[in-house]
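Reading through the structure tokens given below for one structure.
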Amino acid sequence: MSSPQAIDLPDALVASYTRSGGEEERTWITRLPVLVAELLDRWELERDGALGSGEASLVVPVRRADGTRAALKLQMPREETTAALIGLRAWNGNGIVRLLDHDPESSAMLLERLDGSRTLASVPDDDEATRTLAGLMARLHSVPAPEGLRGLGDVARDMLASVPEAAAALRDPADRRRLKGWASVVTELAGDPGDRMLHWDLHYDNVLAAEREPWLAIDPEPLIGDPGFDLWPALDTGWEKLQATEDAPRVVRRRFDLLTEALGLDRERAAGWTLARLLQNTLWDIEDGRTAIDPSQTTVAEALPRH
């Protein structure tokens, strides 16, 4: 078995679990090197490159016993981790990274290896990138949703229940009116939340170059709902760069047009479910102590077709 000491966890990952986490989070991150070593041994894997990580997960490049390249991904078991496993099994590599194996107890995943150094954001033509993403999204939405995933109807009801208290936390009356306006649109849509399996976080940086296909999606947070609820991450992708050009409204409108056309969506309904994402984002911001709607949310809202 590989030595646990051979796994030197990235500082940012350790900090994300210890800075604001509780005892459960600290215990998990402390044991993570041992868990990696156990899985390397159990699945007969050899490390094959530098560790990668985000705030929540560790990715270990590996080679399998037959020499094929793969990636071992570990994240503390949570509802979203379970949802990702359900979704990956159902999609079975159709437009998305393929799940090769998983450990039910730890929620660890063995995934096909993609090119983490090249994302869809590297494509210079934004129309081409958006069309590529739309093609992947259409394939993901075409797979029947399995049991065990949360539904958008529940998400919408939870959001709407939070609006009165959240609106009171906003300092600007215009922001309060805007938030309530978004909530009104969501109220109209909530009775028909849709039945497709959504990725929930499909933006350019969550599409990687691959060998099996030119591009494949990664890091799903599956949810059952209306495809319009899946558009916002693509509309917002690369926001800092967009802001620097002062061209954000035009790019958002263009992306929205391309996505809704490629997916065959009703534009008004898709715009409404995109407002639901803006409502969700703002509610999360308020939970974190913000007292104003982020300007990026307002820009996206104003770029959408009017209800």
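The shown structure was predicted, so the numbers you read here are calculated from the model rather than taken from an experiment.
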Just by modelled atom types, is the [Y] backbone N or O under 3.5 Å from a matching donor or acceptor in the [X] side chain?
| X | Y | answer |
| --- | --- | --- |
| Ser16 | Glu55 | yes |
| Thr68 | Arg64 | no |
| Arg255 | Ala234 | yes |
| Glu221 | Trp200 | no |

Below 4.0 angstrom, N of the basic side chain to O of the carboxylate: do [X] and [Y] qualify?
| X | Y | value |
| --- | --- | --- |
| Asp219 | Lys73 | yes |
| Glu213 | Arg139 | yes |
| Glu261 | Arg131 | no |
| Asp48 | Arg113 | yes |
| Arg253 | Asp257 | no |
| Asp226 | Arg196 | no |
| Asp126 | Arg250 | no |
| Arg178 | Asp175 | yes |
| Glu24 | Arg78 | no |
| Arg69 | Glu211 | yes |

Working to the nearest 0.5 angstrom, can you tell me the gap between [X] [atom1] and [Y] [atom2]?
| X | Y | atom1 | atom2 | answer |
| --- | --- | --- | --- | --- |
| Arg269 | Thr260 | CZ | OG1 | 14.0 Å |
| Thr119 | Trp215 | OG1 | CH2 | 6.5 Å |
| Asp101 | Arg42 | CG | CZ | 9.0 Å |
| Trp28 | Thr18 | CH2 | OG1 | 12.5 Å |
| Leu208 | Leu216 | CG | CG | 8.5 Å |
| Leu170 | Thr282 | CG | OG1 | 8.0 Å |

With heavy-atom distances below 4.5 Å as the criterion, would you say the side chains of [X] and [Y] are in contact?
| X | Y | result |
| --- | --- | --- |
| Ile96 | His199 | yes |
| Pro10 | Leu58 | yes |
| Trp284 | Arg290 | no |
| Trp232 | Asn281 | yes |
| Leu99 | Leu110 | no |
| Leu140 | Leu202 | yes |
| Asn94 | Asn92 | no |
| Leu120 | Thr132 | yes |

For a quick test of reading the model, state the closest non-hydrogen atom pair linking [X] to [Y] and the distance between them.
| X | Y | result |
| --- | --- | --- |
| Pro146 | Ile224 | O-CD1, 3.7 Å |
| Ser53 | Leu13 | OG-CB, 4.1 Å |
| Ala270 | Leu231 | CB-CD1, 3.9 Å |
| Pro233 | Asp201 | CG-CA, 4.0 Å |
| Pro249 | Ala303 | O-CB, 3.7 Å |
| Val300 | Thr274 | CG1-CG2, 4.3 Å |

Examine [X] and [Y] and state if one hydrophobic cluster contains both, with Ile, Leu, Val, Met, Phe, Trp and Tyr joined whenever side-chain heavy atoms are less than 4.5 Å apart.
| X | Y | result |
| --- | --- | --- |
| Leu304 | Leu258 | no |
| Val59 | Leu9 | no |
| Trp273 | Leu265 | yes |
| Leu88 | Met197 | yes |

Discussion item. Does atom CZ (Arg212) have a neighbourhood of more than 12 heavy atoms from anything else shown, all under 6.0 Å?
Written reply: yes
Item to complete: Count the heavy atoms belonging to other residues, nucleotides or ligands that lie under 6.0 Å from CG of Asp11, then report whether that count exceeds 12.
Response: no
Practice prompt. Could you walk me through whether Leu40 and Leu72 pass side-chain contact (heavy atoms from CB on, under 4.5 Å), step by step?
Written response: CA-CA 9 Å; Leu40 291 175; Leu72 178 62; 4.3 Å; yes
Item to complete: Please test Val186 against Leu160 for side-chain contact (heavy atoms from CB on, under 4.5 Å), starting from the C-alpha separation and ending with a verdict.
Response: CA-CA 8 Å; Val186 176; Leu160 293 172; 4.1 Å; yes
Donor + acceptor pair across side chains of [X], [Y] (<3.5 Å):
| X | Y | answer |
| --- | --- | --- |
| Ser106 | Asp103 | yes |
| Thr130 | Tyr204 | yes |
| Asp230 | His141 | yes |

Item to complete: Applying side-chain contact (heavy atoms from CB on, under 4.5 Å), run through Asp285 and Ile293 and close with a yes or a no.
Response: CA-CA 8 Å; Asp285 285 345; Ile293 294 178; over 6 Å; no
Response to the item:
The single option from Thr298, Asp294, Thr299 that satisfies side-chain hydrogen bond (donor to acceptor under 3.5 Å, both in side chains) with Ser296 is Asp294
Worksheet item: With a distance cut-off below 6.0 Å to the six-membered ring centre and an angular limit of 45° from the axis, does Arg177 pair with Trp182 as a cation-pi contact?
Response: no
Item to complete: Could you tell me whether Arg277 sits above the aromatic face of Phe229, with NZ or CZ closer than 6.0 angstrom to the six-membered ring centre and within 45 degrees of the axis?
Response: yes
Practice prompt. Could you go through the side-chain contact (heavy atoms from CB on, under 4.5 Å) check for Arg63 and Leu45 one step at a time?
Written response: CA-CA 6 Å; Arg63 283 190 181 271; Leu45 305 172; over 6 Å; no
Worksheet item: What's the verdict on salt bridge (charged side-chain N to carboxylate O under 4.0 Å, His left out) for Arg31 and Glu38, showing C-alpha distance, side-chain angles and the deciding distance?
Response: CA-CA 11 Å; Arg31 190 183 179 279; Glu38 290 175 351; 3.1 Å; yes
